[in-house]
Structure formats: C-alpha cells, structure tokens
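So that the names make sense, note that chain A is the first sequence line, chain B the second, and so on, each numbered from 1.
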Amino acid sequence: MSDVVRTRFAPSPTGYMHIGNLRTALFAFLYARSQGGRFILRIEDTDQGRYVEGATDIIYDTLRIAGLQHDEGPDIGGDFGPYVQSQRKGIYRQYAEELVARGEAYYCFCQRGDKETESPEGYNRHCRCLTPEQVKEQLAQGKPYVIRQRIPLEGTTSWDDLVYGTISVDNQTLDDQILLKSDGMPTYNFANVIDDHLMGITHIIRGSEYLSSNPKYILLYQAFGWQMPQYMHLPLINGQNPDGTISKLSKRHGAVSFQALVEEGYLPQAITNYIAMLGWSPKSEQEIFTLDELVALFSVTGIHKSPAVFDYKKLDWVNSQHIAMMTDEEFAAKAHPYAGIDSTPLEDKWPKIASLLKPRVNKLSEVAEKIDFLKQLPHYDVGMFINKKNKSTFESSIRIIDEVLNALDSETQWNEEALYNRLSALAQSLGIKEGQLFWPVRIALSGLMATPGNATDILFLLGKEESACRLKKGVERLKETQTA
RNA sequence: GGUCCGUUCGUCUAGAGGCUAGGACUCAAGAUUCUCAUUCUUGCAACAGGGGUUCGAUUCCCCUACGGACUACCA
C-alpha cells in the first residue's frame with residue numbers, strides 16, 4: 001500500500017457533538033490535510049442501546065459547517081466501506097475467530113457480573129484454559145459466550161506516541177478484554193482496531209483518555225501480525241468550576257456542544273480557531289487563524305501533553321476577532337436572524353444597524369438585546385439626564401431638547417450627516433459643547449446611558465416622527481419630575 | 001486501590017542550561033470618540049515543593065505533593 005497519510009474521525013451517534021470530540025476531528029483533519037493525506041469518517045454504532053435517532057446527521061452537519069470535509073465516509077462512500085460499523089458486523093466475528101484459532105483469544109462462558117469470576121480487579125480468566133473439548137461442548141449446548149483477548153501474562157508493551165513519547169506498560173496490569181460481545185457485536189476496542197487496519201489508517205488521533213487502553217490495541221495488532229499505526233494522543237479539554245477547581249468540560253461550565261455554541265452566536269470558524277489553540281500552539285504570537293491557515297501551519301510538535309481549560313471569555317474574544325474580519329455585508333447577513341426585526345420599520349435600516357453592532361458584539365446572540373431600545377423606548381430613570389461631566393441638569397436638558405426639537409422640525413434631510421451638522425451648529429449657537437447637547441438627546445431617544453452608535457445615528461434609525469415623539473416624552477418627564 | 005499521564009501569570013501559551021521569564025484573554029488605569037464599543041498606551045500577575053547534575057537550572061534526572069485519565073458485554 002502507498003504511504004499516503006490516512007486519519008479518521010470515528011464518533012458514535014449518541015447525540016450532540018461535544019467540543020472535545022470536535023477538537024479530535026479537527027486535529028485528525030488538520031493532520032491529514034497538512035500531510036496531503038485523506039480524512040475518513042467512520043460511524044461507530046456497535047452499541048445499539050445508545051443509538052440516538054438523528055445523531056448521524058448531527059455528525060455530518062457539524063463536519064460540514066465546521067469545514068472539516070471528509071474524503072471517505074458513509075455518506076460519500078470510498079474504497080474501504082462500509083463506513084458504518086453495524087454494517088460490518090460479519091467482519092468482526094470472522095477476525096475474532098481467527099484470533100481464537102491463532103490462540104490469541106478464547107471463548108468465555110462466564111456470566112456477566114458473576115462474583116465468582118469477576119472482581120473489582122477484573123476478570124479472573126476462568127475460561128482462559130478451557131480445553132477445545134470443553135468449549136465445543138458448551139457451544140453445542142447453546143450457551144451464550146463472549147470472545148476475550150488472551151493477554152500475555154508477562155512482558156511489557158510499549159509504543160512511541162507522537163505526542164507523549166515512549167510509553168510502556170506491564171502486560172500483567174492488563175485484563176483479558178472482551179472482543180466480541182454475547183450479542184455478536186464487537187466491543188469498541190475490537191472493532192476500532194479491525195477497522196483502522198482494514199481502512200488503512202496510518203495515524204490514529206484521539207483523546208488521551210485512551211492512553212491507558214492503548215497497550216491492548218497494540219497487542220491486538222501484534223496478535224494479528226499487522227503493522228502498527230502511528231499514535232497521536234491529544235490532551236483533554238477541561239472546564240473551570242465556580243469554586244476554581246478543574247474538571248472535565250461539561251454542561252455546568254456552559255455550552256459544550258458545537259451546535260449549542262453556534263446557536264449562541266459563535267462563528268464556526270471562530271470555534272475551530274479557538275479549539276485548535278487548546279492543546280496546540282503555532283509557536284508564534286498569532287492567535288487568529290482561518291481553517292486554511294491552520295492546515296498550513298499545523299504540526300505535531302506544537303501539540304501539548306497537558307490538558308487545557310476551556311475559557312469562554314477567550315472564545316468571546318476570538319469570536320469578536322472573526323467578526324471583525326467579516327465585511328459589513330457578511331456580518332449583516334449572519335446577524336440578521338438574531339435581530340428579531342423582521343417586518344418592522346427597522347428592517348430597512350438593518351445594514352446601518354449591523355455596521356454599528358459589528359464592533360460591539362462578541363457573539364451574535366448579543367445582537368437582540370443591544371437594539372431593544374430601538375424597537376421600544378425602555379422605561380428609564382429621569383436621573384440619567386443629570387451628568388456632571390457634561391454639566392447636564394434637568395433645566396439644561398429641558399432647554400436643550402426643546403431647542404433640538406425645534407431645529408429638527410425643519411430638517412428635511414434625515415441622514416446622519418445632515419443631522420450632525422444641524423445639531424453641531426445648534427450647539428455652537430447655544431454656546432455649549434457637542435457633548436452637552438447630545439447627552440440629553442441620547443437619553444431621551446434611548447433611555448440608555450450607553451448605546452451602540454451615537455445620538456445622530458439613533459435619530460436617523462428612529463426616523464423623524466419617532467425621534468420627535470421620544471424627545472417630547474423626555475421633556476414631559478423632566479417637567480413632571482421638576483414640579484413633583 | 002492499581003496502571004498511565006501531566007504541572008510556566010486566574011486562563012490559553014512562548015521558552016528547549018545563562019532572558020529584566022515574552023505574548024494573548026480577563027481585570028485595572030489613561031488617550032481618542034457626541035455615549036458605549038472599536039483602536040492605542042500603561043499596569044497587575046507565573047516557573048508546585050525538595051533533592052541532585054552543572055560554573056550556572058523554568059529548562060536535564062530523582063522524590064514528594066497536587067491534578068487528570070483509565071480500570072464496562074459504553075464508546
């Protein structure tokens with residue numbers, strides 16, 4: 001066979017796509033692409049009990065949206081199919097029996113959970129020494145059985161991990177794991193090895209949680225006399241608890257699935273960028289990358305051994321950087337679904353609104369709340385008109401807003417520039433600074449101390465009528481408060 | 001309990017015997033801006049501990065502590 005690099009992503013269709021899982025897919029993808037190799041998708045559904053309807057589609061969708069396009073897989077075929085393990089059932093039994101024939105595995109008739117043969121230390125290898133006759137007899141009786149791997153009782157097994165270096169383990173610490181379950185399906189551990197070999201996988205990339213079971217996989221390759229692939233174990237992704245402790249990343253830390261993150265308004269390219277940096281470093285000071293740049297820069301030497309903590313704050317920042325890289329048009333299109341302005345007067349002004357929002361949101365889900373005040377004037381505290389820095393008081397606010405109302409009444413060109421020129425000139429003729437004039441205007445228009453965009457932007461967005469209405473209301477409230 | 005893995009600012013990391021231990025996020029302060037945000041400047045903040053090896057250890061070795069993973073007829 002050729003020496004083309006082949007990596008695979010082998011998820012189980014058990015529901016949503018965990019971010020740790022996606023990171024594994026990303027690295028397998030990056031490595032394959034960076035080496036000019038092929039990236040294969042295989043669905044590992046040997047546990048029918050855990051199968052979740054629609055989960056396979058989530059896997060396809062995630063890879064597509066994240067841009068991790070595979071070269072072979074159930075949906076697109078390939079020369080090594082089928083790519084779904086449940087469709088390969090017959091293969092595993094055949095190989096399991098071959099191992100039995102080679103003396104590398106054996107039939108086991110012990111009952112699951114039997115206290116006699118199983119203990120916290122593992123299976124006591126009760127059936128390991130059954131004679132061929134005993135086996136034949138029990139088989140003839142139709143007794144349920146599993147096939148177990150005959151692990152060497154002595155010696156060590158070791159391999160050179162591309163990330164962790166040489167690791168060796170005493171065989172006596174390994175147990176005779178089950179290869180073929182009593183339902184005839186292979187265990188993950190077994191199917192994984194068979195398929196990786198049959199599919200010509202050259203580099204096995206997966207989370208470091210598999211580090212301690214890897215010797216068993218290697219022993220399997222040796223039992224078959226197959227050539228061992230390269231291994232690349234990836235550090236885990238953790239989450240930080242409120243009390244500062246660290247634990248496996250889970251729901252309580254925030255959104256942990258790709259789709260949940262996307263729904264929250266994180267851009268797929270920002271998510272892949274961020275998780276690439278979790279456990280890998282380009283060894284430069286650049287932090288923002290496109291997927292293509294990651295492919296070009298990816299190298300095994302940048303992969304870490306120690307686990308990383310997922311930091312939502314930093315993800316926010318990475319996302320904001322990717323938002324900044326978009327054109328205004330792209331951003332407007334992506335953010336529109338989050339705005340909630342369909343068939344409102346604001347709809348026509350969306351391009352302008354989006355351009356104001358673009359530098360002000362970290363994630364798309366923040367869009368709606370930021371423009372609520374445009375849809376409806378919020379209830380606000382009249383005290384906001386008072387601002388020491390601008391020497392703004394109730395009296396000055398009333399006077400200024402009245403003047404503004406007056407000036408705008410005759411304004412026919414309702415655009416930001418005209419509005420600004422008009423009000424700027426007004427401030428000058430009143431002998432006050434722009435800031436003094438705009439402060440009460442913005443409060444009355446928005447009911448907020450801080451708004452995306454300045455007072456003239458808001459005037460423009462609200463339109464002449466609504467603006468006048470809000471300004472008048474502001475004056476009314478100021479007068480009420482004054483007399484009260 | 002056993003096996004394996006890990007340990008640089010709060011977090012992500014650079015560093016591969018000699019550096020004022022660098023960058024980023026967060027946080028704080030300042031500049032700019034009609035508010036806010038953006039942008040820019042500045043600041044706070046780290047080599048887990050103990051032994052070695054060495055002229056010299058963040059860096060190499062050992063021990064301890066702490067953290068994590070695995071220890072299913074789950075993947």
Side-chain angles (χ1 to χ4, degrees), chain A residues 10-14 21 44-47 49-50 108 110-113 118 120-123 144-148 161 164-165 167-170 172-175 177-189 191-192 207-215 233 235-236 238 240 244-248 274 277-288 302 304-318 320 324 356-362 370 387 389-390 420 423-424 427 433-439 441-443 446 448-458:
Chain A
S12 292
T14 54
N21 237 276
E44 308 218 330
D45 59 347
T46 52
D47 184 2
R50 293 219 310 177
C108 169
C110 295
Q111 292 289 308
R112 183 189 330 207
E118 281 179 36
E121 287 81 51
Y123 175 62
Y145 66 91
V146 299
I147 292 179
R148 301 186 98 111
D161 196 274
Y164 286 88
I167 294 177
S168 44
V169 176
D170 282 338
Q172 51 182 304
T173 66
L174 274 21
D175 55 34
Q177 67 171 341
I178 291 173
L179 304 178
L180 202 72
K181 300 186 267 189
S182 54
D183 65 358
M185 288 295 260
T187 57
Y188 161 83
N189 292 328
N192 202 262
S208 64
E209 67 267 31
Y210 295 105
L211 223 36
S212 37
S213 42
N214 210 39
H233 285 88
L236 268 15
N238 291 322
Q240 188 163 37
T245 57
I246 307 294
S247 57
K248 194 172 158 186
Y274 179 66
M277 306 303 282
L278 240 36
W280 174 76
S281 166
K283 296 181 185 285
S284 75
E285 292 188 349
Q286 185 181 348
E287 300 200 89
I288 303 301
H304 304 141
K305 297 176 181 167
S306 47
V309 173
F310 194 97
D311 182 355
Y312 289 89
K313 285 261 180 62
K314 184 123 189 188
L315 173 61
D316 281 351
W317 177 78
V318 171
S320 74
L356 292 176
L357 255 20
K358 195 169 158 232
R360 291 177 172 83
V361 296
N362 289 322
K370 286 230 179 340
N387 182 320
K389 198 179 161 199
N390 291 320
Y420 174 73
L423 295 182
S424 181
K433 290 184 175 168
E434 286 181 356
Q436 286 175 270
L437 181 132
F438 285 119
W439 180 263
V441 173
R442 187 180 34 259
I443 299 295
S446 69
L448 298 172
M449 306 265 276
T451 58
N454 54 39
T456 45
D457 288 325
I458 298 169

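Rounded to whole Å, the separation between the C1' atoms of B/rC4 and B/rC47 comes to 25 Å. Across the P atoms, B/rA45 and B/rG10 are found 10 Å apart, a figure rounded to whole Å. Taking atom P in both B/rA65 and B/rC19, one finds a spacing of 32 Å when rounded to whole Å. Of the P atoms belonging to B/rC27 and B/rG22, the separation is 22 Å, rounded to the nearest Å. Here, B/rA14 and B/rG23 have their P atoms 15 Å apart, quoted to the whole Å. When the C1' atom is used for both B/rA29 and B/rG49, the distance is 36 Å, rounded to whole Å. Distance noted for atom P between B/rU59 and B/rG15: 15 Å (whole Å). For the P atoms, the distance linking B/rC61 with B/rA21 amounts to 23 Å, nearest Å.
For A/Asp457, the salt bridge (Lys or Arg N to Asp or Glu O under 4.0 Å) test picks out A/Lys352, with sequence neighbours left out. In this structure A/Tyr164 satisfies the ring-ring contact (aromatic ring centres under 6.0 Å, His included) test with no other residue, sequence neighbours excluded. Partners of A/Phe438 under the ring-ring contact (aromatic ring centres under 6.0 Å, His included) rule, at least two apart in sequence or in another chain, do not exist in this structure. A/Gln240 is linked by a side chain to side chain contact (heavy atoms under 4.5 Å, CB included) to A/Ile246, A/Val309, counting only residues two or more places apart in sequence or in another chain. Under the rule for a side chain to side chain contact (heavy atoms under 4.5 Å, CB included), the partners of A/Pro186 that lie at least two apart in sequence or sit in another chain are A/Thr46, A/Tyr92, A/Leu180, A/Phe190, A/Ala191. The side chain to side chain contact (heavy atoms under 4.5 Å, CB included) check on A/Ser213 picks up A/Tyr210, A/Lys216, A/Tyr217, with sequence neighbours excluded. Taking the side chain to side chain donor-acceptor pair (under 3.5 Å) definition, one finds that A/Ser284 meets it with nothing, sequence neighbours left out. For A/Tyr123, there are no ring-ring contact (aromatic ring centres under 6.0 Å, His included) partners, not counting sequence neighbours. Remark: A/Asn387 pairs with A/Lys389, A/Asn390, A/Ser392, A/Trp439 by the side chain to side chain contact (heavy atoms under 4.5 Å, CB included) rule, at least two apart or across chains.
Look at CD on A/Gln172: it is 11 Å from P on B/rC4, rounded to the nearest Å. Remark: C1' of B/rG15 and NE2 of A/His304 are 11 Å apart, rounded to the nearest angstrom. If you take NZ of A/Lys358 and P of B/rU38, they are 14 Å apart, rounded to a whole angstrom. Between the P atom of B/rA37 and the CG atom of A/Asp457 lies a distance of 16 Å, rounded to the nearest Å. One can place CG of A/Asn390 at 13 Å from P of B/rU33, the figure rounded to the nearest angstrom. Rounded to whole Å, the distance from CH2 on A/Trp280 to P on B/rA14 is 11 Å. In this structure, A/Asn362 atom CG and B/rC36 atom P are separated by 17 Å, rounded to whole Å. As a whole-Å value, the separation of A/Phe438 CZ from B/rU33 P is 14 Å.
Which of B/rU13, B/rG6, B/rU3 sits closest to the side chain of A/Thr173 comes down to B/rU3. For A/Leu278, taking side-chain heavy atoms from C-beta onward, the closest of the listed nucleotides B/rC12, B/rC36, B/rU3 is B/rC12.
Base engagement by A/Ala455 is indicated by at least one non-hydrogen atom pair under 4.0 Å involving a base atom. Counting any heavy atom pair closer than 4.0 Å across all strands shown, A/Gln240 reaches sugar-phosphate atoms only and no base atom. Backbone-only contact: A/Gly279 has heavy atoms under 4.0 Å from sugar-phosphate atoms and none from a base.
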- Nucleotide by nucleotide, 5' to 3', does protein get under 4.0 Å of the base (B), only the sugar-phosphate (S), or neither (-) in nucleotides 22-30 of chain B, counting heavy atoms? SBBSS----
- In B/S/- notation, 5' to 3', how is nucleotides 40-49 of chain B contacted by protein heavy atoms closer than 4.0 Å? ----------
- Query: In the 5'-to-3' direction, what one-character label does each nucleotide of nucleotides 64-75 of chain B receive under the scheme B = base within less than 4.0 Å of a protein heavy atom, S = sugar-phosphate only, - = no such atom?
  - Reply: ----SSS--BBB
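With hydrogens and angles ignored, the 3.5 Å screen pairs a side-chain donor or acceptor of A/Tyr274 with a backbone N or O of A/Asp311. With A/Ser12 contributing its side chain and A/Thr14 its backbone, the two residues share no donor-acceptor pair below 3.5 Å.
Under the Watson-Crick and G-U wobble criteria, each requiring two contacts below 3.5 Å, nucleotide B/rU7 is paired to B/rA65. B/rU58: no Watson-Crick or G-U partner with both key distances under 3.5 Å is found in any strand. A 3.5 Å limit on both hydrogen-bonding distances identifies B/rG2 as the Watson-Crick or G-U partner of B/rC70. Nucleotide B/rA28 forms a Watson-Crick or G-U wobble pair with B/rU42, both donor-acceptor distances falling under 3.5 Å.
At least one side-chain nitrogen or oxygen of A/Ser281 sits closer than 4.0 Å to the OP1 or OP2 atom of B/rA14.
The 5' end of RNA chain B is approached more closely, in terms of each residue's nearest nucleotide, by A/Met277 than by the other of A/Tyr420 and A/Met277.
Considering CD of A/Glu209 and CG of A/Leu211, their distance stands at 9.5 Å, rounded to 0.5 Å.
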- Please lay out, stage by stage, how A/Lys314 and A/Glu287 fare under the test salt bridge (charged side-chain N to carboxylate O under 4.0 Å, His left out). CA-CA 11 Å; A/Lys314 184 123 189 188; A/Glu287 300 200 89; 3.0 Å; yes
- List the steps and the verdict of side-chain hydrogen bond (donor to acceptor under 3.5 Å, both in side chains) for A/Thr187 and A/Asn189. CA-CA 5 Å; A/Thr187 57; A/Asn189 292 328; 4.9 Å; no
